[in-house]
Amino acid sequence: MPAKAATKAAENAFKVIEATVTSKGQVTLPKALRKELGIDSGSRVRFTLGANGKAQVEKVAYSLDDLWRMAAAREKPKGRMSFEEMDEAKELRIW
């Protein structure tokens, strides 16, 4: 296999990392996975389930489109929001 093709194949290789589910349905993300995805305490993760029964996990990094969609789904504030109200809204994290 040419060096360029080998490099491309290595880039597309899967890393398999396993974890155990507790009796409460909780999973601790292994350190290697957290490091690879840049996940720290308080980070949000998204699980995507495929029709084939496979699941994908990724760190949530909101795009501007995501933020507009979240704003459109909420009741519009009357007047201007104070910084305190903005902080309270951010604490709700309903997304």
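As the structure is a computational prediction, the values presented were derived from the model and not from experiment.
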Inset, instruction - Over all heavy atoms of both residues, which pair between Thr28 and Ala19 is shortest? Give the atoms and the distance, please. - result: O-CB, 3.7 Å
Inset, instruction - Please report the C-alpha distance between Leu29 and Ile39 in whole Å, then the side-chain angles of each, then the deciding distance to 0.1 Å, and finally whether the side-chain contact (heavy atoms from CB on, under 4.5 Å) criterion is met. - result: CA-CA 9 Å; Leu29 298 177; Ile39 296 172; 4.0 Å; yes
Inset, instruction - Decide whether Val21 and Leu33 are clustered together by the hydrophobic rule: side chain heavy atoms of Ile, Leu, Val, Met, Phe, Trp, Tyr closer than 4.5 Å, transitively. - result: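 Hydrophobic grouping puts Val21 apart from Leu33.
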Inset, instruction - Could you tell me whether Glu58 atom CD has more than 12 heavy atoms of other residues or ligands within 6.0 Å of it? - result: yes
Legend entry - Whether over 12 other heavy atoms sit under 6.0 Å from Gln26 CD: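 Yes.
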Legend entry - Option from Ile17, Val45, Thr48 for which side-chain contact (heavy atoms from CB on, under 4.5 Å) with Val57 holds: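 Among Ile17, Val45, Thr48, the one that satisfies the side-chain contact (heavy atoms from CB on, under 4.5 Å) with Val57 is Val45.
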Legend entry - Any donor-acceptor N/O pair, Lys59 side chain to Gly38 backbone, under 3.5 Å: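 Yes; judged by distance alone, with no hydrogens or angles, the pair exists.
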